[in-house]
Amino acid sequence: MTQAVAPKETAQHGLTAHSDGDWANRVPVQTRSERPVSTDVADFAEVTGREAVWKYTPVAKLDALLNGQLDGSRVPVSVSAVAGVTSEWVARSDARIGRAGTPEERGAAAAWSAFGEAHVVTVSSEEPVTAVVTRDALDTTPRAGHTVIEAAPHSQGLVILENTGAAHLSENVEIVVGDGAKLTVVSVQQWNDEAIHLASHYATVGRDASVTHIVVSLGGKIVRLNPSIHLDHEGANGEALGAYFADAGQHLEHQVYMDHDAPHTRSRVTYKGALQGEGAHTVWIGDVLIRNNANGTDSYEQNRNLVLTEGTRADSIPNLEIETGDIEGAGHASATGRFDDEHIFYLQSRGISAEEARKLVVRGFLFEVIARIGDAATEERLHAAVESELADSVR
């Protein structure tokens with residue numbers, strides 16, 4: 001007869017089992033790659049604001065996008081006519097959907113569950129081309145959107161997503177970069193003062209290919225745009241750049257994930273922000289993961305915030321995980337502060353007023369990122385937008 005074995009929790013000699021152990025069920029997710037993923041909103045619990053991915057976000061103002069019924073019909077867009085760039089709408093069953101990434105949180109999953117058709121923009125030109133995707137005809141209806149941007153192997157392109165006007169939008173943007181291709185994707189948020197925009201961008205980068213992802217967030221009541229770049233082929237290169245300017249009562253949030261999952265990959269992350277006005281709040285979280293198969297990786301991330309007035313808050317959290325010792329280099333940095341007095345003094349000593357000196361410092365601070373866009377008309381317009389922000393108050 002087989003003797004039964006007492007379970008571990010059974011008391012023995014008056015003692016009970018320790019409460020430690022069973023780490024798989026007791027310890028919170030410690031690495032970005034282990035987060036649960038799903039395209040089905042039902043797989044995610046309702047957001048409380050205590051979750052790691054939501055704890056800096058004003059979730060009470062996002063109920064319609066997180067828990068409500070979203071309009072999944074086509075989001076109104078217009079695309080500039082450019083040779084070597086095609087634009088089309090496809091059903092959610094199309095094989096081109098779902099290649100770049102999968103939602104890690106409820107907001108992105110809600111949008112994925114609700115959209116009916118996806119907007120696909122394909123770059124096929126081997127000579128550099130620029131396409132502008134404009135979204136300026138939305139309204140306050142809670143909407144779900146899905147966009148796929150694909151660069152064919154060995155193609156070169158710049159795709160600019162222009163967002164203006166009203167919006168109550170949650171969306172997923174997939175970016176697929178073929179082998180040897182060079183693609184720049186720019187997302188510009190100049191929504192009106194009451195707009196709410198949640199976006200998750202996912203990029204997969206082919207062998208010896210390069211993606212530059214640029215975010216410029218200036219307008220909107222709440223903007224939360226989170227790019228995830230997966231360097232999952234040997235020799236892939238990824239750059240994530242961002243510039244943002246938060247005014248009173250405005251919440252601008254960016255959670256960046258750079259995933260090195262192949263040998264000899266390279267990444268650079270640089271986000272810069274300015275804040276002014278009571279209640280202006282920015283959030284930047286940077287996650288870089290160098291997996292154990294990513295030998296020869298070269299990576300660096302940084303976030304800089306310039307505080308222009310009292311009453312603002314900038315949360316900045318760089319995270320770096322390294323699972324292999326065979327790398328070229330990796331590092332991270334974060335800084336938040338007011339104007340550098342030496343810079344101001346230097347400019348004043350050249351006859352420039354204190355107010356104009358402060359404006360010059362902010363211009364140089366943010367324009368470093370904007371100048372990387374590569375489209376003169378867009379850069380000029382964003383320069384003017386920053387100037388408008390500075391005209392309101394730089395004290």
Side-chain angles (χ1 to χ4, degrees), residues 75-80 85 87 100-101 107-108 111 118-121 123 130-138 143-151 157-177 183-192 195-205 211-229 238-246 250-258 269-273 282-286 366 369-375 377-379 381-382 385-386:
V75 175
V77 298
S78 61
V79 183
S80 57
V85 178
S87 169
H119 183 216
V120 178
V121 178
V123 178
T130 299
V132 179
V133 179
T134 302
R135 298 186 291 187
D136 58 3
L138 280 71
R143 289 179 175 273
H146 200 102
T147 302
V148 177
I149 301 171
E150 180 168 8
L158 165 63
V159 177
I160 302 173
L161 306 177
E162 293 273 9
N163 299 307
T164 61
H168 205 158
L169 174 66
S170 183
E171 65 171 342
N172 293 281
V173 177
E174 297 188 67
I175 301 166
V176 179
V177 186
L183 177 67
T184 297
V185 174
V186 182
S187 184
V188 179
Q189 287 62 242
Q190 282 189 281
W191 302 111
N192 68 21
I196 296 177
H197 182 200
L198 304 183
S200 291
H201 289 206
Y202 318 88
T204 178
V205 187
V211 66
T212 301
H213 186 275
I214 303 176
V215 175
V216 181
S217 295
L218 301 176
K221 183 176 183 179
I222 300 173
V223 173
R224 175 182 152 114
L225 195 156
N226 300 337
S228 300
I229 299 176
E239 294 198 42
L241 309 172
Y244 48 90
F245 199 129
Q250 193 174 23
H251 178 94
L252 303 179
E253 180 171 348
H254 307 93
Q255 298 188 25
V256 185
Y257 179 29
M258 192 68 71
V269 178
T270 298
Y271 269 64
K272 290 188 168 187
T282 64
V283 177
W284 178 85
I285 300 175
L366 295 180
V369 172
I370 294 173
R372 293 288 305 277
I373 291 174
D375 180 71
T378 301
E379 291 175 10
R381 182 173 56 76
L382 291 175
V386 172

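Quick note: residue numbers are just sequence positions, from 1.
Remark: Tyr271 OH to Ser217 OG distance equals 8.0 Å, nearest 0.5 Å. If you take CG on Leu158 and CD1 on Ile160, they are separated by 4.5 Å, rounding to the nearest 0.5 Å. Between the CG atom in Asn163 and the CH2 atom in Trp191 there is a gap of 4.0 Å [rounded to 0.5 Å]. For the atom pair OG1 (Thr147) and CD1 (Ile175), the distance works out to 10.0 Å, reported to the nearest 0.5 Å. If you take NE2 on His213 and CG on Leu183, they are separated by 9.5 Å, rounding to the nearest 0.5 Å. Here the straight-line distance linking atom OG of Ser78 with atom CD of Glu162 works out to 9.5 Å at 0.5 Å rounding.
In this view, His168 satisfies the ring pair (Phe, Tyr, Trp, His ring centres under 6.0 Å) rule with no residue, not counting sequence neighbours.
Between Val215 and the choices Leu161, Val369, Leu225, the side chain to side chain contact (heavy atoms under 4.5 Å, CB included) rule is met once, by Leu225. Put simply, the residue from Val216, Leu382, Val386 that forms a side chain to side chain contact (heavy atoms under 4.5 Å, CB included) with Leu366 is Val386.
The shortest side-chain heavy-atom distance between Val120 and Glu150 does not fall under the 4.5 Å cut-off. Counting only heavy atoms from C-beta outward, the side chains of Val121 and Val148 never approach each other to under 4.5 Å. Proximity of Val159 to Val133: side-chain heavy atoms (C-beta onward) are separated by under 4.5 Å at one or more points. Annotation: side chain of Val211 is not in contact with side chain of Thr184 (no heavy-atom distance under 4.5 Å). Side-chain atoms of Leu241 and Thr212, non-hydrogen and from C-beta on, do get closer than 4.5 Å to each other. Two residues are said to be in side-chain contact when any heavy atoms from C-beta on lie closer than 4.5 Å; Val132 and Val79 fail this criterion.
Taking every heavy atom of both residues into account, Ala243 and Ile370 meet most closely at CB-CG1, 4.5 Å. Asn192 approaches Ala166 most closely through the heavy-atom pair ND2-CA, 3.2 Å. Contact record, Ala195 with Gly165: CB-O, 4.2 Å, taken as the closest heavy-atom pair. Across every non-hydrogen atom of Met258 and Ala240, the tightest pair is CE-CB, 4.1 Å. The two residues Ala385 and Gln190 have their closest heavy-atom pair at CB-NE2, 3.3 Å. Pairing each heavy atom of Ala111 with each of Asn172, the nearest pair is CB-ND2, 3.6 Å.
Judged purely by distance below 3.5 Å, without hydrogens or angles, the side chains of Ser187 and Gln189 pair a donor atom with an acceptor atom.
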Between His146 and His119, does the side-chain hydrogen bond (donor to acceptor under 3.5 Å, both in side chains) criterion hold? Intermediate values first, please. CA-CA 6 Å; His146 200 102; His119 183 216; over 6 Å; no
Determine whether Ile196 and Leu169 satisfy the following criterion, side-chain contact (heavy atoms from CB on, under 4.5 Å), listing intermediate values before the conclusion. CA-CA 6 Å; Ile196 296 177; Leu169 174 66; over 6 Å; no
Please assess His197 against Ile222 for the test side-chain contact (heavy atoms from CB on, under 4.5 Å), listing each intermediate value before the final yes or no. CA-CA 6 Å; His197 182 200; Ile222 300 173; over 6 Å; no
Full working for side-chain contact (heavy atoms from CB on, under 4.5 Å) between Ile229 and Val205: CA-CA 8 Å; Ile229 299 176; Val205 187; 4.2 Å; yes
Kindly determine whether Leu252 and Val283 satisfy side-chain contact (heavy atoms from CB on, under 4.5 Å), including the steps that lead there. CA-CA 6 Å; Leu252 303 179; Val283 177; over 6 Å; no
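For Ser228 (side chain) and Tyr202 (main-chain N/O), no donor-acceptor pair under 3.5 Å exists by modelled atom type. Judged by distance alone, the side chain of Glu171 and the main-chain N or O of His201 form no donor-acceptor pair under 3.5 Å. A donor-acceptor pair under 3.5 Å is absent between the side-chain atoms of Asn226 and the main chain of Val256, judged by distance alone. In this structure, the side chain of Glu253 does not engage the main chain of Thr282 through any donor-acceptor pair within 3.5 Å.
Taking the charged nitrogens against the carboxylate oxygens, Arg372 and Glu239 do have a contact shorter than 4.0 Å, which makes a salt bridge.
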